[in-house]
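Okay, so here's the structure we're looking at.
Sequence lines set the chain letters: A, B, ... in the order given, protein chains first and strands last, and positions in each chain run from 1.
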Amino acid sequence: MTSLPRAFYRRHPAQVAPELLNKLLLRDDGRVGRIVEVEAYAGSEDPAAHTFRGRTVRNASMFGDGGHLYVYFSYGMHWAANAVCGEIGQGFGVLLRALEPVDGLDLMRQARSKARRTQDLASGPGRLAQAMGIDRRFDGADLVTGAQGVCIVSDGVEPPLQPVVGPRVGITKAVDLPWRWHVPDNPHVSKRRPLRRTE
DNA sequence: TTGAGGATTCTC
DNA sequence: AGAATCCTCAAA
């Protein structure tokens, strides 16, 4: 298990995102998940990014240094976690969209009583945060040192040579950018709701 | 002060 | 397909 150096994160999110596939997200209580789905969000160059229109109270941590966590509250119900990327002030990040549960499954099931199958535990950004117990307290946490109880490490498994690439989910702006990546044929990737037919 | 919209999930 | 649910931020 080796933690990823700060320099790993201090790059463009479209470069970092696919390399985060197959890395491990760790909690200090033993919960471990393998990252199998991610999306890149690129600050002022990306209309779909929370940071597109500049710094606010909510997105402040996304403007911080790479290798920290940006946690936000979504749709009045869910938390979601991003790995902040780039340099201070850029507002780059990678949304962690799905995990394959690896360890601490009992705690994950406890946190996600609605999930019947293992593949429902963390297949989606809201589910992922709930399964890992990530909420507002972890906003700004250092993913390199793990000092706040959450970190990302490598166990030597390489990212997929040919990840599945496609448009991001659940956004209405910059919908055509192919900034979503996932591990091919992995059952823990989030299921896309079929796109609403445009009449 | 207001209100529209949102990087979603669950159930029907 | 619709509901749940509430925070954020721009605009007035």
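Residue order along DNA chain B, read from the 5' end via each residue's closest nucleotide, puts A/E39 first among A/E39 and A/R112.
Aromatic stacking of A/Y41 on B/dA7: satisfied, with centres closer than 5.5 Å and planes within an angle under 30 degrees.
A/Y72 has its OH atom 13 Å from the C1' atom of B/dT9, to the nearest Å. With rounding to whole Å, A/K114 atom NZ is found 12 Å from C/dA3 atom C1'. Between the OH atom of A/Y70 and the P atom of B/dA7 there is a distance of 9 Å, given to the nearest Å. C/dA3 atom C1' lies 11 Å from atom NE2 of A/H78, rounded to whole Å.
A salt bridge does not link A/R168 with A/E39: every distance from a Lys NZ or Arg NE/NH1/NH2 to an Asp or Glu carboxylate oxygen is 4.0 Å or more.
A heavy-atom distance below 4.5 Å is found between the side chains of A/T51 and A/F63.
Residue A/S190 is out of contact with every strand shown, counting any heavy-atom pair closer than 4.0 Å. When heavy atoms are screened at a 4.0 angstrom cut-off, A/I171 is found touching the sugar-phosphate backbone but no base atom. Within 4.0 Å of A/A48, counting heavy atoms only, lies at least one base atom of the nucleic acid. When heavy atoms are screened at a 4.0 angstrom cut-off, A/R136 is found touching the sugar-phosphate backbone but no base atom. Backbone-only contact: A/R58 has heavy atoms under 4.0 Å from sugar-phosphate atoms and none from a base.
In this structure, A/R11 is positioned above the aromatic face of A/F8, its NZ or CZ under 6.0 Å from the six-membered ring centre and within 45° of the axis. Cation-pi geometry between A/R58 and A/Y70 is not satisfied (NZ or CZ under 6.0 Å from the ring centre, within 45° of the ring normal).
A donor-acceptor contact closer than 3.5 angstrom is absent between the side chains of A/N22 and A/E158.
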Would A/F92 and A/H12 satisfy ring pair (Phe, Tyr, Trp, His ring centres under 6.0 Å), going step by step from the backbone distance to the final call? CA-CA 7 Å; A/F92 291 166; A/H12 195 278; 5.1 Å; yes
Taking Watson-Crick (N1-N3 plus N6-O4 or O6-N4) and G-U wobble (N1-O2, O6-N3), each under 3.5 Å, can you produce the dot-bracket string of DNA chain C? Use [ ] for crossing pairs and | for inter-strand ones. ||||.||||||.
